[in-house]
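Following: one structure in C-alpha cells, then a few remarks.
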Amino acid sequence: DMKVTQMPRYLIKRMGENVLLECGQDMSHETMYWYRQDPGLGLQLIYISYDVDSNSEGDIPKGYRVSRKKREHFSLILDSAKTNQTSVYFCASSPSTAQYFGPGTRLTVL
Amino acid sequence: GDQVEQSPSALSLHEGTGSALRCNFTTTMRAVQWFQQNSRGSLINLFYLASGTKENGRLKSTFNSKESYSTLHIRDAQLEDSGTYFCAAEAGGQGGSAKLIFGEGTKLTVSS
C-alpha cells in the first residue's frame, strides 16, 4: 500500500511561534505537495517539490516555506505563525499520475 | 483562472439507492481524481482517470476531457458511503508535477 505519513496530527501554537509540519513517504515518489483545507472548501496548493531541493510555489505560498533534503521527507515551515493559518494541512506525493494524501495535520494558531 | 465546478453541493440518499456527482471544468484538463473524505478527515483515493470510464465495486467514474466534465456514479449506497466527495482536475505540468485543482465537494449523507 502506498503510504504518506504526517506528524504531528494535531498542533496548537500561539501567534508568532514557529511551526514545523513533517511529511514522509516510503514510495520514492519524486513529487510531493503541501495543501491546506479550510472549512467547507476544497484543498488549496501551497508548495510543490519536484525532488530534493527543487521546490516551487503553489497558489497560496505567502507565509510558508518548505524544505526537502531527502526524497522521502518534505517539511512545511511557518515562521511566526498567524491566526489565519489555522487550518488542516495535507501532504501528498505522486509517482507521476495520481496523488496520494497523508492523514492531515490540524493546526490551531491562537 | 482554471476552475472546477462540482455539483450538487449536498446530496441525501437512502440506503440501496444511487445517484451521480458531476464536475465541470472551465478549461481542458489532463486527468481527474475523485476522493472521498471520511469522518476522520482522511482523503481516500477513489479513481484517477486520464480518459474513459473506470469502475470499482459500486462506484463508476467517467472523464470526458473533450467536453470538460467528469462524473462519479454511486449505486446501492451504503451508510459508510457518507462523507464529502471531491473531484480534482490535473492542469498543466509534466507527469507527476501537475497541479490539482479541487472542486468544493459534495457532502453525501446516506440514511437507513
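We name chains A, B, ... by the order of the sequence lines, and we start the count at 1 in each one.
A:Tyr89 and A:Tyr10 are not part of a single hydrophobic cluster, where members link through side-chain heavy atoms under 4.5 Å apart. Cluster annotation: A:Val66 is not connected to A:Tyr50 through the hydrophobic network of ILVMFWY side chains, with a link wherever side-chain heavy atoms come within less than 4.5 Å. Note on B:Val110: it clusters hydrophobically with B:Leu21, by side-chain heavy-atom contacts below 4.5 Å among ILVMFWY residues. B:Tyr48 and B:Val4 are members of different hydrophobic clusters when ILVMFWY side chains are connected at heavy-atom separations under 4.5 Å.
The environment of CZ in B:Arg22 is crowded: more than 12 heavy-atom neighbours from other residues, nucleotides or ligands sit within 6.0 Å. Counting non-hydrogen atoms of other residues, nucleotides and ligands closer than 6.0 Å to CD of B:Glu104 gives a total of 12 or fewer. No more than 12 heavy-atom neighbours from other residues, nucleotides or ligands sit within 6.0 angstrom of NZ on B:Lys60.
Results of the side chain to side chain contact (heavy atoms under 4.5 Å, CB included) test with B:Leu43 over A:Tyr100, A:Tyr35, A:Phe101 single out A:Phe101 as the only residue that passes.
Proximity of B:Lys99 to A:Asp59: side-chain heavy atoms (C-beta onward) are separated by under 4.5 Å at one or more points.
Only the side chain of B:Gln37 comes within less than 4.5 Å of a heavy atom of chain A; its backbone N, CA, C and O stay farther away. Using a 4.5 Å cut-off between heavy atoms, B:Phe35 touches chain A through its side chain atoms alone. For A:Gln44, no part sits under 4.5 Å from any heavy atom of chain B, backbone or side chain. In this structure, the portion of A:Leu45 lying under 4.5 Å from any heavy atom of chain B is its side chain and not its backbone.
The line from CD1 of A:Ile48 to CG of B:Leu100 is 9.0 Å long, rounded to the nearest 0.5 Å. From A:Leu43, atom CG reaches atom CZ of B:Phe102 across 4.5 Å, with rounding to the nearest 0.5 Å.
Between the side chain of B:Asn45 and the main chain of A:Gln99, a donor-acceptor pair closer than 3.5 Å is present.
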